[in-house]
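Read the structure below first, then the notes.
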Amino acid sequence: MSCETLPGFRACYPENGTRRSYIFEHWRTAAESFNFQEYDAPVLEPLELYIEKSGEEIVGQLFHFEDRGGRSVALRPEMTPSLARLVGAKANSLKRPIKWFNIGEHYRYERPQKGRLRAFYQFNADILGEAGALADAELIALLVQTLESFGLGAGDFKVRLSDRDLWLLLLAAEGMDAENSATVLGIIDKMERNSREKTLELLAGVLGDSAEAFMETVASVVAIRGFAELEQYFKALPLEGALLETAKSRLADWRVLLDALEHSGAASFVEIDLGIVRGLAYYTGFVFEAFEATGEGRALAGGGRYDDLVGKLCGQSMPAVGFAMGDVTLGDLLEKKSLLEVAEPTPDFVLVIGGPAERAQALKDAASLRAAGYCVEYPLKEVAFGKQFKDANQRGARFAIIYGSEELESGISKVRDLEAGKETDYPRADLVELAESLFGEGLQ
RNA sequence: GUGGCUGUAGCUCAGUUGGUUAGAGCACCGGAUUGUGAUUCCGGGGGUCGCGGGUUCGAGUCCCGUUAGCCACCCCA
């Protein structure tokens, strides 16, 4: 029997548990302030759920096995398919817009490395049933507020905003069909990581001799950072008829989105960057990723619109937009910025117990203080007084209440303020009331 | 799936050209201290030197394999 944790998994000792709760609380608080409702779904799902969405090649990156009933099952690698299933099943009875969030563990069978493990927590937030750009804006605003709530500022992170629809327009203007467009989007997605030569080689596979000229076009589009510039670029494209109308309405969507972001205060974190495409084919419109401001590291969060996915999985068509934020990259960044120095919880009261005879009263008082919500600690065996005080101090307790023969005989509660090093005797009375005044006005 | 670097106590690390019984600090437990605090002093438990094999009279040390961690590829929902 080995005591080691499986590769890519983390054991959660109490000090890590405190940090984990800290992150989860911020996620939950942010989501609830936007009136998102919490949902959950099974950790184990039918393998087909993921194959249908992403194809057979995904299987190698899943924890999957056959259960005793002969079903092929997999631990969830992401939340979106489960969400689509849940929403699709009740599509007609859910009030829209559907604004849901989840915090849960996900599993991917990959080689662990910096910012990536085999088991990790994700914060997922999605809006379903609303196709307008204001929904996208709401999610980006939530993403920004969530990161800000940890104390991260404009110098720490940025959200890179892009649009697959604009890319498809551009490619259509180049005369490219749907299949080639998908391939080329995949190449653009990897452009940042690949060398110029590699990209050119990949593009030549689709475009032949015009690859080099096309790459220049892409480079100039990816360099665009301002909306005026973006608008100008697309207005200048040689589009006609339906494509021209699509371009006009898409630029109008952009204005709605950017306007909303401006007013909600998220705009200063958002940067137009068409270099973001996102690997998955199911994204249909605006896509975005949050990164550390320096550009280092993996994405802190990623998301976008997926208007066709619910329909594809459930036959019930439903526009949707969402994002996911992982705890690993975020935790690394918070650690680096010293924003994860979360204090361990400490007891409000430590009861110092003189001996077996005094323990009865101490246990009774502990029960009422605990019922009132105070954190109370006392020794679980008979220990010398001096040691008990030393221990109370080491545990960071706020107050000690002394249960000795003298106190019980004279009917007093002796309370010691461990921070101030002062003691006061109180007439024995309702301890909960006394506790309120101790935390209100301090030791009298 | 591929490659590079690293594995000595719970943690951070010493450990001589290969040479007796592998050490320190921190942490933990106990004592000095039978009614009052972070200091101090004393003591204690903890190690298959990642694992397996090889070279050698002798391996923590050298060689090979393997495993885990980190890092970079692949991939990234």
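Just so it is clear, the model here is predicted, and its values are computed rather than measured. Every chain is numbered from 1, with letters handed out A, B, ... down the list of sequences.
The aromatic rings of Tyr374(A) and Phe439(A) lie parallel to each other, with less than 30° between the two planes, well short of the 60° mark. Using cut-offs of 30° and 60° on the angle between ring planes, the pair Trp27(A) and Phe24(A) is parallel. A parallel orientation is assigned to the rings of Phe120(A) and His106(A), their planes being inclined by less than 30° (bins at 30° and 60°).
Applying the salt bridge (charged side-chain N to carboxylate O under 4.0 Å, His left out) test to pairs two or more places apart or on separate chains, those with a residue in residues 298-312 of chain A are Asp136(A)-Arg305(A), Arg305(A)-Asp307(A).
Across the C1' atoms, G7(B) and C51(B) are found 11 Å apart, a figure rounded to whole Å. Remark: the separation of the P atoms in G52(B) and C74(B) is 37 Å, to the nearest Å. G46(B) and A24(B): their P atoms are spaced 15 Å apart (whole Å). Taking atom C1' on both C41(B) and G19(B), the two are 37 Å apart, rounded to the nearest angstrom.
Rounded to a whole Å, the CD atom of Glu78(A) is 12 Å from the P atom of C76(B). Remark: C1' of A77(B) and CD1 of Ile51(A) are 14 Å apart, rounded to the nearest angstrom. Protein atom CD of Gln122(A) is 11 Å distant from nucleotide atom C1' of C76(B), rounded to whole Å. Atom-to-atom, CD of Glu192(A) to P of C76(B) comes out at 15 Å; the value is rounded to the nearest Å. Atom CZ of Arg164(A) is separated from atom C1' of A77(B) by 13 Å (rounded to the nearest Å).
The salt bridge (charged side-chain N to carboxylate O under 4.0 Å, His left out) test applied to Arg395(A) returns Glu377(A), Asp391(A), not counting sequence neighbours. For Lys414(A), the salt bridge (charged side-chain N to carboxylate O under 4.0 Å, His left out) partners two or more places apart in sequence, or in a different chain, are Glu423(A), Asp425(A). Scored by the side chain to side chain contact (heavy atoms under 4.5 Å, CB included) test, Ser437(A) finds Leu434(A), Glu441(A) as partners (sequence neighbours excluded). Applying the side chain to side chain contact (heavy atoms under 4.5 Å, CB included) test to Tyr109(A) and every residue at least two apart in sequence or in another chain returns Phe63(A), Arg118(A). Taking Lys90(A) as the reference, Ser93(A), Leu94(A) meet the side chain to side chain contact (heavy atoms under 4.5 Å, CB included) condition, with sequence neighbours excluded.
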Only pairs under 3.5 Å count here: list side-chain donor-acceptor contacts from residues 35-44 of chain A, not counting sequence neighbours, and write none if there are none.
from, atom 1, to, atom 2, distance (Å)
Glu38(A), OE1, Arg28(A), NE, 3.1
Glu38(A), OE1, Arg28(A), NH2, 3.4
Glu38(A), OE2, Arg28(A), NH2, 2.8
Asp40(A), OD1, Asn102(A), ND2, 3.0

For residues 138-147 of chain A, please give each side-chain donor-acceptor pair under 3.5 Å, one per line with the distance, not counting sequence neighbours.
from, atom 1, to, atom 2, distance (Å)
Glu138(A), OE2, Lys99(A), NZ, 3.0
Gln145(A), NE2, Ser33(A), OG, 3.2
Thr146(A), OG1, Leu142(A), O, 2.6

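You'll find the side chain of Phe150(A) stays beyond 4.5 Å of the side chain of Asp156(A), heavy atoms only.
Heavy atoms of Arg193(A) sit under 4.0 angstrom from at least one base atom.
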Self-check item: Per-nucleotide protein contact string for nucleotides 30-49 of chain B (B base, S sugar-phosphate only, - none; heavy atom under 4.0 Å)
Solution: SS---BBBB-----------
Where do N or O atoms of nucleotides 66-72 of chain B meet protein N or O atoms at under 3.5 Å, pair by pair?
from, atom 1, to, atom 2, distance (Å)
C71(B), OP2, Lys114(A), N, 2.7

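With respect to Asp189(A) and Arg278(A), no salt bridge is recorded, no charged nitrogen being found less than 4.0 Å from a carboxylate O.
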Exercise. Could you summarise the pairing of RNA chain B as dot-bracket text, marking Watson-Crick and G-U pairs under 3.5 Å with ( ) or [ ] inside the strand and | across strands?
Key: (((((((..((((.....[...)))).(((((.......))))).....(((((..]....))))))))))))....
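Listed here is the closest heavy atom pair of Arg250(A) and Leu166(A): CG-CD2, 3.9 Å.
Near RNA chain B, defined here as any heavy-atom distance below 4.0 Å, there are no residues from residues 302-314 of chain A.
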